[in-house]
Amino acid sequence: TIIECPNDMNAMCDVAKVADLALLLVDGAYGFQMETFEFLNMCQTHGFPRVIGVLTHLDSFTNVTTLRRVKRQLKHRFWTDIYEGCKLFYLSGLKHGRYPKMEVSNLARFVAVLKFRPLVWRNAHPSVLADRVEDVTSPAAVQADPTISRTIVAFGYVRGTFLKGGQRVHIPGLGDHSMAEVRALDDPCPFPSGEKRRR
């Protein structure tokens, strides 16, 4: 599941808790922004996921020497903040509204073969990445009393260990609540079967 993180501290905090891999998009013509370092700082406190840097807007450099110098400077700054040898991809620029197919293909191939190390805290604490939330409170009851306690159903993916019915959960922005029921559903996007297919 790919989640686009907006420039918002609360969203960054939530994404830092669940991300296995962070793709940091950096405008090569502008350089690193404060939001990038804020996100990295949040990742460090919540168990560091894998990080890949992606430099964009490199077509705005007309001088090859300047481009080479900027690439080297940004790479060393990136290595200083994360770790020496951290992977950094370069996307030259948009052509007809798209990035070059080969550059995107290289990035996708690298992401596909990436190995993720287990994060101990995350594996010991259950969490749900909810991609859909529904309010199932009776509309008649809501119309009679708009301040009535609501019943919501959250659909998503469980991370870490198992969830149990009645367990207390923290919902960002809403506080701590007890779950009435937990039910397992079939994966809407199952992995492909084991048989080998020709490309």
Side-chain angles (χ1 to χ4, degrees), residues 1-25 33-54 81-83 86-87 107-108 110-195:
T1 304
I2 297 173
I3 302 172
E4 185 176 351
C5 182
N7 264 352
D8 175 52
M9 293 288 272
N10 297 318
M12 285 185 208
C13 188
D14 292 340
V15 168
K17 290 176 184 174
V18 298
D20 292 317
L21 168 69
L23 289 176
L24 291 178
L25 269 79
Q33 295 179 331
M34 189 52 71
E35 288 85 0
T36 308
F37 298 118
E38 286 170 350
F39 181 73
L40 287 173
N41 200 350
M42 286 183 191
C43 286
Q44 286 172 338
T45 57
H46 294 111
F48 218 111
R50 295 296 297 266
V51 175
I52 296 177
V54 181
D81 282 304
I82 301 172
Y83 64 86
C86 185
K87 198 70 179 161
L107 177 60
F110 188 82
V111 169
V113 299
L114 212 57
K115 299 280 190 291
F116 299 106
R117 67 183 192 282
L119 299 173
V120 178
W121 191 91
R122 236 184 251 179
N123 286 347
H125 295 78
S127 63
V128 174
L129 177 59
D131 55 11
R132 182 163 56 104
V133 177
E134 288 182 14
D135 185 355
V136 292
T137 315
S138 165
V142 173
Q143 195 169 15
D145 181 13
T147 61
I148 192 172
S149 292
R150 303 295 181 97
T151 302
I152 62 164
V153 178
F155 296 87
Y157 297 91
V158 177
R159 314 288 308 275
T161 60
F162 300 105
L163 288 173
K164 295 184 283 293
Q167 184 175 344
R168 300 281 287 171
V169 293
H170 177 76
I171 303 172
L174 295 175
D176 295 327
H177 300 278
S178 295
M179 291 186 296
E181 180 189 2
V182 178
R183 195 180 317 147
L185 301 174
D186 291 333
D187 192 344
C189 304
F191 283 113
S193 58
E195 80 237 6

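Index from 1, following the sequence. Predicted model, so just to flag it, every value in this text is computed and none were measured.
Considering every non-hydrogen atom in both A141 and I148, the closest pair reads CB-CD1, 3.9 Å. Looking at every heavy atom in both residues, M9 comes nearest to E38 through SD-OE1, 3.5 Å. Annotation for L163 and P126: closest pair CD2-CB, 3.7 Å, computed over non-hydrogen atoms. The shortest non-hydrogen separation linking I171 to H177 is CD1-CD2, 4.0 Å. The two atoms that bring N123 and T161 nearest to each other are O-CG2, 3.0 Å, heavy atoms only.
Looking at T137, its side chain does come within 3.5 Å of a backbone N or O of T151 through a donor-acceptor pair.
You'll find the side chain of D14 stays beyond 4.5 Å of the side chain of M42, heavy atoms only. For the pair L114 and R50, the minimum side-chain heavy-atom distance is below 4.5 Å. In this structure, L129 and V158 have side chains that are not in contact, with every pair of non-hydrogen atoms separated by 4.5 Å or more. Side-chain contact between V111 and L21 is present, with heavy atoms from C-beta onward closer than 4.5 Å. Put simply, the side chain of C5 reaches to within 4.5 Å of the side chain of V15, judged on heavy atoms. Inter-residue side-chain proximity for P6 and M12 is flagged as unmet; no heavy-atom pair is nearer than 4.5 Å. For the pair V169 and D176, the minimum side-chain heavy-atom distance is 4.5 Å or more. Taking 4.5 Å as the limit, every side-chain heavy atom of L24 sits out of range of all side-chain heavy atoms of V54.
Remark: L107 CG to I52 CD1 distance equals 6.5 Å, nearest 0.5 Å. Between M179 atom CE and E181 atom CD the span is 10.5 Å, to the nearest 0.5 Å. Between atom CG of residue L40 and atom CD of residue E35 there is a gap of 12.0 Å, rounded to the nearest 0.5 Å.
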Practice task
Would you sort out whether R159 and S127 count as a side-chain hydrogen bond (donor to acceptor under 3.5 Å, both in side chains), showing the intermediate values?
Solution key: CA-CA 5 Å; R159 314 288 308 275; S127 63; 5.9 Å; no
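Residue pairs satisfying the ring-ring contact (aromatic ring centres under 6.0 Å, His included) criterion with at least one member in residues 122-168, sequence neighbours excluded, are listed as follows: W121-H125. A salt bridge (Lys or Arg N to Asp or Glu O under 4.0 Å) check over residues 130-147, counting only residues at least two apart or in different chains, returns the pairs R132-E134, D135-R150.
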